[in-house]
Protein chains: 4
Amino acid sequence: MVEAPAPRGRPRDERSHAAIVTAAAELVAEVGYHATSVSAVAARAGVGKDTVYRRWSGKAGLVYEAVFTVTDNSPLPDTGSLEGDLRVLVQGLIDEFSAPAAAAALPGLLADFAADPALRDSIRGTFLRPARERLLELFARAEGRGETVAEVPDTLVLDALVGTVFFHLGIIGERPDRDLARRIAAITAKGIEAR
Amino acid sequence: MVEAPAPRGRPRDERSHAAIVTAAAELVAEVGYHATSVSAVAARAGVGKDTVYRRWSGKAGLVYEAVFTVTDNSPLPDTGSLEGDLRVLVQGLIDEFSAPAAAAALPGLLADFAADPALRDSIRGTFLRPARERLLELFARAEGRGETVAEVPDTLVLDALVGTVFFHLGIIGERPDRDLARRIAAITAKGIEAR
Amino acid sequence: MVEAPAPRGRPRDERSHAAIVTAAAELVAEVGYHATSVSAVAARAGVGKDTVYRRWSGKAGLVYEAVFTVTDNSPLPDTGSLEGDLRVLVQGLIDEFSAPAAAAALPGLLADFAADPALRDSIRGTFLRPARERLLELFARAEGRGETVAEVPDTLVLDALVGTVFFHLGIIGERPDRDLARRIAAITAKGIEAR
Amino acid sequence: MVEAPAPRGRPRDERSHAAIVTAAAELVAEVGYHATSVSAVAARAGVGKDTVYRRWSGKAGLVYEAVFTVTDNSPLPDTGSLEGDLRVLVQGLIDEFSAPAAAAALPGLLADFAADPALRDSIRGTFLRPARERLLELFARAEGRGETVAEVPDTLVLDALVGTVFFHLGIIGERPDRDLARRIAAITAKGIEAR
DNA sequence: AAATAATCGAGACGGTACGTCAGGTCTTAAA
DNA sequence: TTTAAGACCTGACGTACCGTCTCGATTATTT
């Protein structure tokens with residue numbers, strides 16, 4: 001087991017952490033990702049810049065935590081069909097990507113993550129993990145029901161779902177249509193059915 | 001008919017234009033989108049900054065033209081099936097997005113485009129137009145063969161194809177797998193078939 | 001005798017000259033010397049920049065002509081005393097330096113002249129010439145009246161008169177006091193009297 | 001009594017201040033006032049531009065401090081006569097204005113000061129203050145000796161002395177003649193004597 | 001109690017890029 | 001050859017943000 005490394009000196013103030021995250025989320029929603037600066041976040045949080053850099057490596061990491069902290073861990077409802085389950089999953093992505101702060105942050109955020117090897121790895125490892133677990137659970141259910149799924153890497157299916165939603169809403173800026181989740185789920189479900 | 005607005009004064013030097021575009025493409029491929037600056041592009045092109053800003057509104061517009069000028073207008077080969085045609089189309093996207101300059105530029109570029117309303121509109125209007133025309137041609141062929149396609153907006157299908165490739169390669173940084181085009185085409189073709 | 005160099009091609013448009021000078025004088029009075037640019041002068045005059053540079057070497061020479069063209073050549077009135085004559089001469093300098101365009105132009109203009117050897121020489125040769133001629137005339141009258149003047153270079157006296165007025169009004173920005181000419185003339189007259 | 005405003009944050013580095021001032025003085029002496037830029041000063045001082053703009057409003061204020069910091073506070077020697085005392089004072093002005101950096105800076109510097117209301121006020125308040133104090137001391141001595149001085153504002157006498165020296169040396173570019181101080185002092189002393 | 005050590009808010013630090021503007025030159029078609 | 005127009009290269013402007021460093025002042029643990 002890993003020992004805590006014996007904390008010495010003044011402990012970090014947890015309230016600073018919360019204030020920074022809140023300030024970052026607000027700023028991103030108000031002025032966008034590009035116009036959000038670490039200086040401005042620190043100023044709004046009533047905190048020194050060092051206090052931010054002591055906890056995060058830069059704007060990207062900070063905004064990521066500020067915008068995507070609320071991971072929905074509620075179990076995926078069982079709709080009884082692969083397509084129905086996928087629709088719920090996709091609707092979740094749509095809701096997540098349509099939130100004001102997320103919509104304002106996503107393109108710039110993912111660009112910054114993609115440009116940094118360390119951060120890039122955390123996209124699959126952290127950002128996509130919950131969605132991937134849900135997708136695997138969903139596949140398992142389908143198999144349990146006897147629905148066979150074609151031989152296709154789950155990461156590719158996930159990239160297709162996330163990439164489609166991200167590009168459609170985040171890059172193009174399309175408003176989330178009422179039928180969007182249904183259509184994406186329908187195509188994907190039929191597309192990956194065996195036979 | 002629209003009259004040319006009677007050009008007055010010294011005409012723009014076409015060699016400057018070409019030098020700037022070349023310098024931009026090289027720089028992006030060498031140091032990445034973020035580290036590419038208008039000043040550096042101008043310096044490498046042997047041109048004043050004004051000459052750049054006279055023709056482009058900023059880094060985003062310039063890099064876009066530098067990286068995505070070579071529109072492939074060759075007619076889409078007719079493979080005899082929707083899935084086959086889609087595979088060619090998707091492979092074209094993969095090749096386009098995997099080129100060194102494009103791969104280095106895409107995430108930051110699309111983020112900057114998404115952040116500017118004027119540029120954002122040009123994504124559909126310019127960047128996606130050739131691919132969309134190919135897609136429509138491909139749908140027309142399928143109908144001509146009697147293959148019926150489900151009621152689904154072509155822009156959504158396009159966003160799905162482009163979004164998937166962009167996210168998989170550009171954001172996640174996955175290497176373009178040998179089977180990538182085949183798999184995406186297979187899922188999509190089956191997914192949008194009527195029935 | 002000097003031959004005219006056989007004018008070939010389109011002759012210069014004299015109206016351009018006048019338009020440029022007028023535009024320059026107006027601009028200097030409105031926005032000051034620093035904010036006056038050759039581009040702006042040309043634009044206001046409805047003239048190309050080249051047409052300006054073909055006639056003047058730059059902003060300094062142009063503004064000089066625009067602001068100090070109206071040389072007062074009226075003969076200096078004979079007041080009957082050195083001090084009285086000096087007072088009239090100094091009042092003339094004050095009036096000249098207090099005109100809106102001149103006041104706005106002088107400090108920057110003289111600075112630019114001082115920085116360029118060619119222009120610098122023209123301060124004595126052109127700008128100060130009329131005043132110097134008046135001063136010499138004034139000395140001649142004094143001698144004619146039997147008033148003896150101490151051995152002092154006339155250029156130094158002139159520099160003292162002009163420098164005092166220029167510094168007091170142009171640099172410090174003092175408003176031209178009612179007694180200013182009288183006081184300067186009194187000091188100078190007494191100061192240069194023999195004995 | 002005025003409280004020190006409780007300095008917060010990292011204090012300014014005094015070595016930066018000195019390095020900037022030195023670099024500015026050197027540059028002005030080497031390339032002149034016009035060709036001296038804030039960027040070049042910062043680069044030579046090994047300092048960011050922000051560090052310069054944090055302390056000075058622009059080139060004018062910076063160069064002023066760089067060139068005219070060394071105020072000569074030595075007491076004016078008592079020569080026993082108004083004219084002698086004036087000669088010492090004027091010689092001091094000549095020496096000050098003839099120093100390489102000062103000669104290169106003065107015309108442009110005073111032009112920039114004259115163009116900015118805030119800086120303009122500091123000419124009398126700062127630049128001319130030492131000379132004015134000397135002049136007043138000199139008048140007091142004269143009165144103490146029984147030499148009566150005509151009713152004339154001391155600021156006008158000062159403007160005459162400074163203006164004459166500045167115009168003669170700075171604008172016209174005359175070399176400081178051996179007799180210059182003597183002549184100016186003689187004219188002024190006689191000119192302001194009562195009777 | 002004293003010493004040690006990490007944190008805090010504040011803001012200065014050296015860099016770098018921004019987008020604008022002026023300078024003075026050059027190139028066009030028309031006069 | 002001049003004209004109006006305007007593109008050309010150069011280089012300075014003053015601003016903003018980056019991520020680091022330096023203050024004096026806290027706030028904890030260790031001696």
Side-chain angles (χ1 to χ4, degrees), chain A residues 6-13 15-16 34-40 42-43 45-59, chain B residues 6-13 15-17 34-43 45-55 57-59, chain C residues 6-13 15-16 34-43 45-59, chain D residues 6-17 34-43 45-55 57-59:
Chain A
R8 305 229 298 161
R10 175 174 174 173
R12 294 187 179 170
D13 189 335
R15 289 168 310 180
S16 296
H34 178 76
T36 297
S37 69
V38 174
S39 316
V47 144
K49 287 206 298 178
D50 246 26
T51 303
V52 176
Y53 282 106
R54 209 174 285 122
R55 297 161 200 249
W56 293 276
S57 62
K59 179 165 78 164
Chain B
R8 307 238 287 161
R10 176 176 175 174
R12 295 190 180 171
D13 191 333
R15 290 169 310 182
S16 297
H17 193 101
H34 178 75
T36 297
S37 68
V38 174
S39 318
V41 171
V47 143
K49 287 204 297 179
D50 251 24
T51 302
V52 177
Y53 282 109
R54 204 175 288 122
R55 296 160 199 253
S57 61
K59 180 165 77 163
Chain C
R8 307 225 299 158
R10 174 174 174 174
R12 291 189 180 172
D13 189 336
R15 289 170 311 181
S16 296
H34 178 75
T36 296
S37 68
V38 174
S39 317
V41 169
V47 143
K49 288 204 297 178
D50 245 26
T51 303
V52 176
Y53 281 108
R54 207 174 286 121
R55 297 162 200 250
W56 291 275
S57 62
K59 179 165 79 165
Chain D
R8 305 237 286 162
R10 176 175 175 174
R12 295 188 178 171
D13 191 333
E14 287 308 317
R15 290 168 312 181
S16 297
H17 192 102
H34 178 75
T36 297
S37 71
V38 174
S39 318
V41 170
V47 144
K49 286 205 296 178
D50 252 24
T51 303
V52 177
Y53 282 109
R54 205 176 287 123
R55 296 160 200 253
S57 61
K59 180 166 77 163

5'-most by nearest nucleotide on DNA chain F - T36(D) or R55(B): R55(B)
Comparing nearest nucleotides in DNA chain F, the 5'-proximal residue of the pair A35(D), S57(A) is A35(D)
Closest-nucleotide 5' rank along DNA chain E - winner of D13(A) and G9(A): G9(A)
Short question: side chain of K59(C), backbone of T36(C) - any donor-acceptor pair under 3.5 Å? yes
Under the salt bridge (charged side-chain N to carboxylate O under 4.0 Å, His left out) test, which residues partner R10(B), sequence neighbours left out? none
Pair of N/O donor and acceptor under 3.5 Å linking dG19(F) base with K49(A) side chain: yes
More than 12 heavy atoms of other groups within 6.0 Å of H34(D) NE2: no
Mind calculating the distance between NE2 (H17(B)) and P (dC9(F)) to the nearest angstrom? 14 Å
Determine: side-chain N/O of S39(D) to OP1/OP2 of dC13(F), distance under 4.0 Å, yes or no. yes
Determine: side-chain N/O of R8(A) to OP1/OP2 of dT29(F), distance under 4.0 Å, yes or no. no
Where do R12(D) and R55(D) come nearest, in terms of heavy atoms and distance? CB-NH2, 3.6 Å
Select from V47(A) and P11(D) the residue whose nearest nucleotide in DNA chain E is closer to the 5' end of that strand. V47(A)
Rounded to whole Å, CZ of R12(B) lies from P of dG6(F) at a distance of 11 Å
Output the rounded distance in Å from OH (Y53(C)) to C1' (dG6(F)). 14 Å
I'd like to know if D50(A) reaches the base of dC21(F) with its side chain, counting only an N/O donor and acceptor under 3.5 Å. yes
Take atom CH2 of W56(A) and atom P of dG19(F), then tell me their distance rounded to the nearest Å. 15 Å
Distance check: side-chain N/O of R54(D) vs OP1/OP2 of dA12(E), anything under 4.0 Å? yes
In terms of heavy-atom contacts, K49(B) and S39(B) come closest through CD-OG, 3.7 Å
What contact category does G46(B) fall into here, base, sugar-phosphate, or nothing, at under 4.0 angstrom with non-hydrogen atoms? sugar-phosphate
On the side chain of R10(B), is there an atom forming a donor-acceptor pair with the base of dC8(F) - under 3.5 Å, no angle test? no
Side-chain N or O of S16(D) less than 4.0 angstrom from OP1 or OP2 on dG14(E)? yes
